[in-house]
Amino acid sequence: MPEPVDAADAVEMRAALAGLRRTSGLPVVFGGLLADARHARIGELNGAQTSALRGLVISAGSGLGGKAIALARPCAVTDYPVSRHISHEYDTAVAAEGLRSVVAVPVVVRRSVRGVLYGALRTPVTLGDRTFDAAVAAARDVEQALVVRDEVRELLALTRDQVAAPRPRAAPGAWEDVREAHRELRALAPRVADPALRDDLLAVCGRLASASGARTPAAAPQVRLAPREVDVVACVAAGATNAAAARQLGLRPETVKGYLRSAMRKLGAHTRLEAVVAARRAGLLP
């Protein structure tokens with residue numbers, strides 16, 4: 001039996017299904033993430049009248065969802081109970097919910113299927129392009145969210161050793177790696193919907209920023225920058241132009257310019273380089 005999926009990842013599926021039901025008008029939407037290479041557990045339902053589908057384990061190649069997993073592409077049937085294009089291992093659960101017309105869309109991240117979501121009607125009618133497109137768009141939303149989560153987890157794993165045992169006199173190349181990880185983590189933070197993961201990410205960023213051993217003199221006033229001001233200065237420290245920083249952070253160039261101007265004023269800096277040096281001295285950047 002496959003293990004349960006990460007509860008935090010399931011949040012993204014739940015949000016995507018709620019959006020799919022709103023945009024498509026489908027009365028029933030459901031789905032789940034893969035617990036191993038070949039099995040998905042249905043953990044999220046929206047609009048269901050029974051619990052027959054909840055917890056159902058879908059095997060690759062079996063039923064409509066299993067077909068979508070195996071082929072890594074969307075699949076649909078007009079009348080599930082009598083369709084000759086799928087196997088029928090899950091007919092009892094489908095019949096209990098009264099589903100007839102169903103679409104299943106795989107969630108594919110980096111060429112690997114990570115989940116499957118469904119939309120269904122209780123009448124046997126052909127699903128139109130609008131409905132089909134909405135289901136595909138919902139799957140893409142889950143994919144993008146999982147990509148962000150994967151990137152955050154990879155960066156956190158790579159930086160935990162530096163956080164646990166910082167080396168102030170490390171070689172310049174090593175510190176460049178720390179600084180790049182800090183910049184990437186800060187850029188990802190606003191895209192993380194899960195508050196716990198975002199807080200963990202920002203906590204690591206804070207510890208990375210102080211890992212160089214920089215300390216603000218006791219007599220000097222403590223500098224406080226808004227989170228986006230720190231993000232912009234971190235991009236500037238990596239050599240990014242305002243336009244490049246805007247692309248990385250998902251902001252307009254004019255907005256980046258405004259954040260940078262505000263940060264420079266707070267740091268008492270007159271140039272971009274002075275702002276970076278001042279931010280590092282204040283322990284805001286590694």
Y118: which of I42, L99, V29 passes side-chain contact (heavy atoms from CB on, under 4.5 Å) = I42
N/O donor-acceptor pair under 3.5 Å between R280 side chain and P286 backbone | yes
Residues M264, H270; criterion side chain to side chain contact (heavy atoms under 4.5 Å, CB included); working and verdict = CA-CA 7 Å; M264 290 173 65; H270 300 287; 5.5 Å; no
Considering residues, nucleotides and ligands other than R73, do more than 12 of their heavy atoms fall under 6.0 Å from its CZ?
-> no
Do P81 and D91 come within less than 4.5 Å of each other through their side chains, counting heavy atoms only?
-> no
Flag the pair K266 / E229 as yes when at least one side-chain heavy-atom distance between them is below 4.5 Å, and no otherwise.
-> yes
Looking at V142 and L117, what are the two nearest heavy atoms and their distance?
-> CG2-CD2, 4.5 Å
Under 4.5 Å between any side-chain heavy atoms of I86 and V77, yes or no?
-> yes
Closest heavy-atom pair and its distance - L20, S24 | O-OG, 2.6 Å
Report the C-alpha distance between R110 and D150 in whole Å, list the side-chain angles of each, state the deciding distance to 0.1 Å, and finish with yes or no for side chain to side chain contact (heavy atoms under 4.5 Å, CB included).
-> CA-CA 10 Å; R110 295 173 181 171; D150 288 350; 4.2 Å; yes
E143 side chain reached by L146 side chain, heavy atoms, under 4.5 Å | no
Side chain proximity check, V232 to K257, heavy atoms < 4.5 angstrom = no
For the student: nearest non-hydrogen atoms of Y259 and R228, plus distance | CZ-CB, 3.5 Å
Does CZ in R140 sit with more than 12 non-hydrogen atoms of other residues, nucleotides or ligands closer than 6.0 Å?
-> yes
Could you tell me the separation between the CG atom of L251 and the CG atom of N242, rounded to the nearest 0.5 Å?
-> 11.0 Å
Please list, one pair per line, the donor and acceptor atoms closer than 3.5 Å that link side chains of residues 46-72 to other protein atoms, with sequence neighbours excluded.
unit_1 : atom_1 : unit_2 : atom_2 : d
N46    : OD1    : R21    : NH1    : 2.7
T50    : OG1    : A52    : N      : 3.2
T50    : OG1    : E97    : OE1    : 2.7
R54    : NH1    : G43    : O      : 3.1
K67    : NZ     : H85    : O      : 3.1

Assess whether side chain to side chain contact (heavy atoms under 4.5 Å, CB included) is satisfied between L284 and V223, documenting all intermediate values.
-> CA-CA 9 Å; L284 297 170; V223 179; 4.2 Å; yes
I would like to know whether T271 and E274 meet side chain to side chain contact (heavy atoms under 4.5 Å, CB included); could you show each step before the answer?
-> CA-CA 5 Å; T271 67; E274 286 181 3; 3.2 Å; yes
If you measure from OG on S262 to CG on L225, what distance do you get to the nearest 0.5 Å?
-> 7.5 Å
Give a yes or no on whether F132 and V105 share a hydrophobic cluster (residues Ile, Leu, Val, Met, Phe, Trp, Tyr; joining criterion: side-chain heavy atoms under 4.5 Å apart).
-> yes
Rounded distance (nearest 0.5 Å) linking atom CD of E44 with atom CE of M13 | 8.0 Å
What's the spacing between R41 CZ and D36 CG if we round to 0.5 Å?
-> 9.5 Å
For S101 and L127, which heavy atoms make the closest approach, and how far apart are they?
-> OG-CG, 3.4 Å
Nearest 0.5 Å, what's the CZ-CG distance between R84 and D79?
-> 12.0 Å
Does the side chain of L34 come within less than 4.5 Å of V107's, by heavy atoms?
-> no
Atom pair CZ (R265) and CG (L260), whose distance is rounded to the nearest 0.5 Å | 11.0 Å
Return the minimal non-hydrogen interatomic distance between R272 and A240, and the atom names on each side.
-> NH2-O, 2.9 Å
Side-chain contact, heavy-atom cut-off 4.5 Å: Q144 with V148?
-> no
Of all heavy-atom pairs between L121 and P27, which one has the smallest distance, and what is that distance?
-> CD2-CD, 3.4 Å
So, do S83 and T78 sit near enough that their side-chain heavy atoms are less than 4.5 Å apart?
-> no
Sequence neighbours left out, what pairs pass salt bridge (Lys or Arg N to Asp or Glu O under 4.0 Å) with at least one residue falling in residues 127-136?
-> none
State plainly whether one hydrophobic cluster holds both V125 and V103, where clusters connect Ile, Leu, Val, Met, Phe, Trp and Tyr through side-chain heavy atoms under 4.5 angstrom apart.
-> yes
